[in-house]
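Some notes on the structure that comes next.
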Amino acid sequence: MSDSQQELGAAQMRRVAFASLSGTTIEWYDFYIYGTAAALVFPTLFFPGLGSAAALIASFATFGVAFVARPLGAVVFGHYGDRIGRKRTLVVSLLLMGIATLVVGVLPAAGTIGVAAPVILVLMRLAQGLAVGGEWAGAALLTAENAPAAKRGHYGMYPQLGPGIALVLSSATYLAAALFLTDGQFMAWGWRIPFLVSIALIAVGLWIRLTIEETTSFKKVRSSDAVVRLPFADVFRHQWREVLLVAGALTILFASFYLGVSYLTSYASTELGLERTAVLTSNIVAGVVFAVTTIVAAKLSDRVGRKTLVIAGNVFATGWALVVFRILDGSGAVSFTAALSLTMVGVGLIYGPVGSYVPELFATRYRYTGAGVAYSLAGILGGSIPPVIAASLAARFGTPSIGIYLAAMGLLSIACVARLSDTRAKVLDGSGATVSGVPAVVA
């Protein structure tokens with residue numbers, strides 16, 4: 001290969017990496033602003049007839065609805081992603097997320113349109129869940145199926161950076177609103193600004209995704225007539241074990257993450273008495289820590305293997321769960337920021353390698369479906385259930401009980417990832433190449 005060809009390849013990979021990064025950043029930005037609003041605004045605006053505790057639980061239940069929709073989104077988008085291609089499917093997922101977020105941003109409160117308000121809110125949350133269910137696997141496959149085998153961990157970090165960057169952007173947007181608006185203005189209309197701002201981000205993301213090409217691996221599947229008719233049926237016929245093990249392995253990842261960015265946001269305001277600006281500032285710091293840890297873990301996975309780092313992250317998250325709420329009780333803004341940031345360290349250690357690890361575990365012909373369904377099932381186990389249970393556990397047994405619950409999830413995750421293979425040397429396009437002299441496993 002000539003130098004010019006190598007340079008062209010590197011330029012193409014940078015564009016693919018940016019396409020995956022921009023898409024996941026936008027999708028997660030939209031997802032986050034809903035989570036923040038669910039903690040700060042929605043209990044009052046959409047569930048005014050309930051008591052404060054019940055309204056908060058109801059609000060978080062709407063947050064959890066998206067996780068239930070995720071597996072369906074993974075199946076639907078995975079089906080078309082494995083049959084017609086990754087690129088077109090990802091464009092549709094971004095459009096769906098954008099439309100749902102826009103509707104939430106202009107939705108009248110329950111005091112104006114009555115029960116229709118929470119009903120529409122739930123429907124839009126379902127649409128967001130469908131979109132995210134189809135987004136992650138497609139974005140991860142964009143980089144994993146195009147990247148050189150020896151640098152798949154490095155390029156796999158780009159879609160994984162989306163949540164960290166989005167946490168910073170969404171928190172900064174809410175922080176700006178909180179600094180320049182009164183509480184009354186924020187509750188009346190200021191909370192809508194982050195939802196409406198996302199429209200501009202989506203336009204940029206769509207333009208970027210429309211300029212990239214289909215992945216190398218899928219082109220080879222299509223050219224060899226290896227496209228399967230029912231990817232969902234095939235993945236459960238041939239790799240049901242991997243689907244279930246990946247879901248279990250990532251449970252503590254989602255549990256730690258969503259309790260950090262959603263439940264703890266509410267906890268800091270209601271139980272610790274921290275100002276909204278202090279909580280949002282803590283989220284910004286935690287988002288930066290999350291992004292940095294993701295970068296380090298993803299790059300390191302090319303040297304030591306994905307499985308090693310995922311196990312390390314699971315062990316860290318499990319141990320940290322047992323002490324985090326004891327540290328938080330009665331703490332101030334600095335302690336809360338430190339606790340939230342350390343929570344994100346555990347999340348980043350797991351999440352960094354996952355962008356390459358999970359796609360490597362599945363065969364190309366149904367990789368979109370397999371990776372997406374496994375990831376979405378983990379979202380249900382760790383993302384939708386714990387925030388609701390956490391509020392009930394805290395009310396009945398105190399906050400340390402939440403840590404025990406999380407640690408039990410962590411033990412499940414450690415046991416599951418221990419039964420998965422390491423995939424660092426796996427070749428996704430069937431070329432039979434090796435990585436650093438290690439014989440490759442061909443998908």
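One is the number of the first residue; the rest follow in order along the sequence. Computed from a predicted structure; not experimentally measured.
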Any side-chain donor paired with an acceptor under 3.5 Å for Thr24 and Trp136? no

Q.
Is it the case that the side chains of Asp82 and Thr369 hold a donor-acceptor pair, with the cut-off being a distance below 3.5 Å and no angle test?
A. yes

Looking at every non-hydrogen atom in both residues, tell me the closest pair between [X] and [Y] and how far apart they are.
{"X": "Trp191", "Y": "Val104", "result": "CH2-O, 3.7 Å"}
{"X": "Ala247", "Y": "Ala378", "result": "O-CB, 3.3 Å"}
{"X": "Ala297", "Y": "Gly348", "result": "CB-O, 3.7 Å"}
{"X": "Ile380", "Y": "Pro71", "result": "CD1-CG, 3.3 Å"}
{"X": "Val41", "Y": "Phe186", "result": "CG2-CE2, 3.7 Å"}
{"X": "Leu406", "Y": "Ala321", "result": "CB-CB, 3.5 Å"}

For the residue pair Tyr366 and His238, categorise the inter-ring angle as parallel (less than 30°), tilted (30 to 60°) or perpendicular (more than 60°).
parallel

*Any idea how Phe42 and Phe46 line up, ring-wise: parallel (<30°), tilted (30 to 60°), or perpendicular (>60°)?*
perpendicular

Let me confirm one number: the [atom1]-[atom2] distance from [X] to [Y], rounded to the nearest 0.5 Å.
{"X": "Thr25", "Y": "Phe18", "atom1": "OG1", "atom2": "CZ", "result": "8.5 Å"}
{"X": "Leu142", "Y": "Tyr158", "atom1": "CG", "atom2": "OH", "result": "14.0 Å"}
{"X": "Glu242", "Y": "Ser421", "atom1": "CD", "atom2": "OG", "result": "7.0 Å"}
{"X": "Leu130", "Y": "Phe77", "atom1": "CG", "atom2": "CZ", "result": "7.0 Å"}
{"X": "Thr337", "Y": "Leu342", "atom1": "OG1", "atom2": "CG", "result": "11.0 Å"}
{"X": "Asp234", "Y": "Arg237", "atom1": "CG", "atom2": "CZ", "result": "5.0 Å"}

Please confirm whether the backbone N or O of [Y] pairs with a side-chain atom of [X], one donor and one acceptor, at under 3.5 Å?
{"X": "Gln239", "Y": "Ala363", "answer": "yes"}
{"X": "Ser356", "Y": "Pro353", "answer": "yes"}
{"X": "Ser413", "Y": "Gly248", "answer": "yes"}
{"X": "Arg152", "Y": "Ala147", "answer": "no"}
{"X": "Ser171", "Y": "Val168", "answer": "no"}
{"X": "Tyr155", "Y": "Pro148", "answer": "no"}
{"X": "Ser376", "Y": "Val373", "answer": "no"}

Query raised in the report: Quick check: are there more than 12 heavy atoms from other residues, nucleotides or ligands sitting under 6.0 Å from CH2 of Trp240?
Result: no

(request) Can you establish whether the number of heavy atoms outside Arg222 located under 6.0 Å from its atom CZ is more than 12? (result) yes

With a 4.5 Å cut-off on side-chain heavy atoms, are [Y] and [X] touching?
{"X": "Ile26", "Y": "Val204", "result": "no"}
{"X": "Val197", "Y": "Tyr29", "result": "yes"}
{"X": "Val315", "Y": "Ile311", "result": "yes"}
{"X": "Leu123", "Y": "Val103", "result": "no"}
{"X": "Tyr34", "Y": "Leu121", "result": "yes"}
{"X": "Met187", "Y": "Thr44", "result": "yes"}
{"X": "Ile33", "Y": "Thr101", "result": "yes"}
{"X": "Val347", "Y": "Leu253", "result": "yes"}

Exercise for the section: Kindly indicate, with the supporting measurements, whether the criterion side chain to side chain contact (heavy atoms under 4.5 Å, CB included) is fulfilled by Leu196 and Leu102. Expected result: CA-CA 6 Å; Leu196 301 177; Leu102 175 62; 3.8 Å; yes

Do Tyr368 and Tyr80 have their ring centres less than 6.0 Å from each other?
-> no

* Check whether the ring centres of Phe254 and Tyr375 lie less than 6.0 Å apart, and answer yes or no. => yes

Checklist entry - With the threshold set at 4.0 Å, does a side-chain nitrogen-carboxylate oxygen contact exist between Glu145 and Lys87? => result no

From the list Arg209, Arg70, Arg86, salt bridge (Lys or Arg N to Asp or Glu O under 4.0 Å) partner of Glu135 resolves to Arg209

One pair to check against side chain to side chain contact (heavy atoms under 4.5 Å, CB included): Leu21 and Ile165. What are the steps and the verdict?
CA-CA 9 Å; Leu21 170 62; Ile165 295 173; 3.8 Å; yes

| query | Does the side chain to side chain contact (heavy atoms under 4.5 Å, CB included) test come out yes or no for Val310 and Asn314, once each step is laid out? | reply | CA-CA 6 Å; Val310 173; Asn314 282 339; 3.9 Å; yes

Inset, instruction - I would like to know whether Tyr405 and Met409 meet side chain to side chain contact (heavy atoms under 4.5 Å, CB included); could you show each step before the answer? - result: CA-CA 7 Å; Tyr405 174 59; Met409 286 190 157; 3.2 Å; yes

